[in-house]
Amino acid sequence: MSAEALQKLSILVLHGPNLNMLGRREPGIYGSLTLAEINSLLEREGEKLQAKVSSFQSNHEGALVDAIQEAMDVHHGILINAAAYTHTSVAIRDALLAVKLPIVEVHLSNIYQREAFRHHSYIADVALGQISGFGGESYRLGLQGLVNYLRKNS
Ligand code: CA2
C-alpha cells in the first residue's frame, strides 16, 4: 500500500500523576527527558507512522477517566502511562474497558524490578501489551506497537 493510501490514525497518549515532573526530579529512575520532550518525540514518531498523536497529562484520576471517555469516537487507540494509578485505579481500568479502544500500557522504569506494590497493574490485562523499563523509548516502542496493531486490524 502506498503512503498516500494509509489512513491517518489518531492516537491519544495519556500520562498520569507526577509525570509533569519528569526531567526535573529522580532522573536515576525515570531518565532526563522532560514530558514535553517525550511528547514531541512521539509527535515526530507519529508523523513517520502517519499517525496524529495528541497528549494529555493529569494528576487527577477523574480527569484521566474523562479523557478516556472522550477518546471514544475521536481516537483510534490509547497509549497510557497511568503512573501510580496503574497500581490502584479500578476507575481507569473500567473506563479503558468501556471505550473498547486498543490500549498499550507503558512505563519508563521496569516496574517488576521495583517494590512489590508496583508489580500489579490494573491495566495490563485490558491492554494489547505492556512495555516497561526503556525510559522514554518505552513510549516510542508502545506507539509503534499500537499503530502496527491498528494497521493490521482496522
Ligand atoms: O515507570 C513508570 O513510568 C511509572 O509509571 C512511573 C510512576 C510509578 O508510580 C509507576 O510505578 C511506574 C511514577 C511517576 C512519577 O514521576 C516522577 C517524575 C519525576 C519526579 C518524580 C516523579
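Remember, it's 1-based here, ligands and their atoms both numbered in the order they're listed.
- Annotation for ligand 1: atoms under 4.0 Å from non-hydrogen atoms of Ile111 are 12 (C).
- Shortest contact from atom 10 (C) of ligand 1 to any protein heavy atom: His87 NE2, 3.5 Å.
- The nearest heavy-atom contact from the protein to atom 4 (C) of ligand 1 is His107 ND1, 3.7 Å.
- By the 4.0 Å heavy-atom criterion, Thr86 is excluded from the residues contacting ligand 1.
- Of all heavy-atom pairs between Ile111 and Gln130, the closest is CD1-NE2, 3.7 Å.
- Within the 4.0 Å heavy-atom criterion, the part of Asn81 lying near ligand 1 is the side chain and not the backbone.
- The protein non-hydrogen atom at the shortest distance from atom 8 (C) of ligand 1 is Arg118 NH1, 3.2 Å.
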* Apply ring pair (Phe, Tyr, Trp, His ring centres under 6.0 Å) to the pair His15 and Tyr139, showing each step before the final yes or no. => CA-CA 11 Å; His15 307 281; Tyr139 283 91; 5.2 Å; yes
* To do: Determine, stepwise, if the pair His87 / Tyr85 fulfils ring pair (Phe, Tyr, Trp, His ring centres under 6.0 Å).
  => CA-CA 5 Å; His87 318 297; Tyr85 289 142; over 10 Å; no
* **Derivation of the side-chain hydrogen bond (donor to acceptor under 3.5 Å, both in side chains) call for Thr34 and Arg24** => CA-CA 7 Å; Thr34 64; Arg24 292 187 277 153; over 6 Å; no
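- The option with the heavy atom closest to atom 2 (C) of ligand 1, from among Asn18, Leu22, Thr34, Leu108, is Leu108.
- Within ligand 1, the atoms closer than 4.0 Å to a non-hydrogen atom of Leu19 are 14 (C), 16 (O), numbered from 1 in the order shown.
- Considering Asn153, Leu150, Ile78 in turn, Leu150 is the only one that fulfils the side chain to side chain contact (heavy atoms under 4.5 Å, CB included) rule with Pro102.
- Residue contact annotation: Arg24 has no non-hydrogen atom under 4.0 Å from ligand 1.
- The proximity of Arg25 to ligand 1, defined as any non-hydrogen pair under 4.0 Å, involves the side chain as well as the backbone.
- Each of Ile103 and Leu49 belongs to its own hydrophobic cluster when Ile, Leu, Val, Met, Phe, Trp and Tyr are linked at side-chain heavy-atom distances under 4.5 angstrom.
- For Ser55 (side chain) and Leu12 (main-chain N/O), no donor-acceptor pair under 3.5 Å exists by modelled atom type.
- On a distance-only criterion, Glu26 and ligand 1 share no N/O pair closer than 3.5 Å.
- Of all the atoms in ligand 1, the ones that sit under 4.0 Å from a non-hydrogen atom of Ala84 are 9 (O).
- Note: the hydrophobic cluster containing Leu141 also contains Leu79 (ILVMFWY, side chain heavy atoms under 4.5 Å, direct or indirect links).
- Residue-to-ligand polar distances place Ser109 within reach of ligand 1: an N/O pair is separated by less than 3.5 Å.
- The protein non-hydrogen atom at the shortest distance from atom 13 (C) of ligand 1 is Tyr30 OH, 3.3 Å.
- Between Glu47 and Arg44 there is no salt bridge, since no side-chain nitrogen of the basic residue lies less than 4.0 Å from a carboxylate oxygen of the acidic one.
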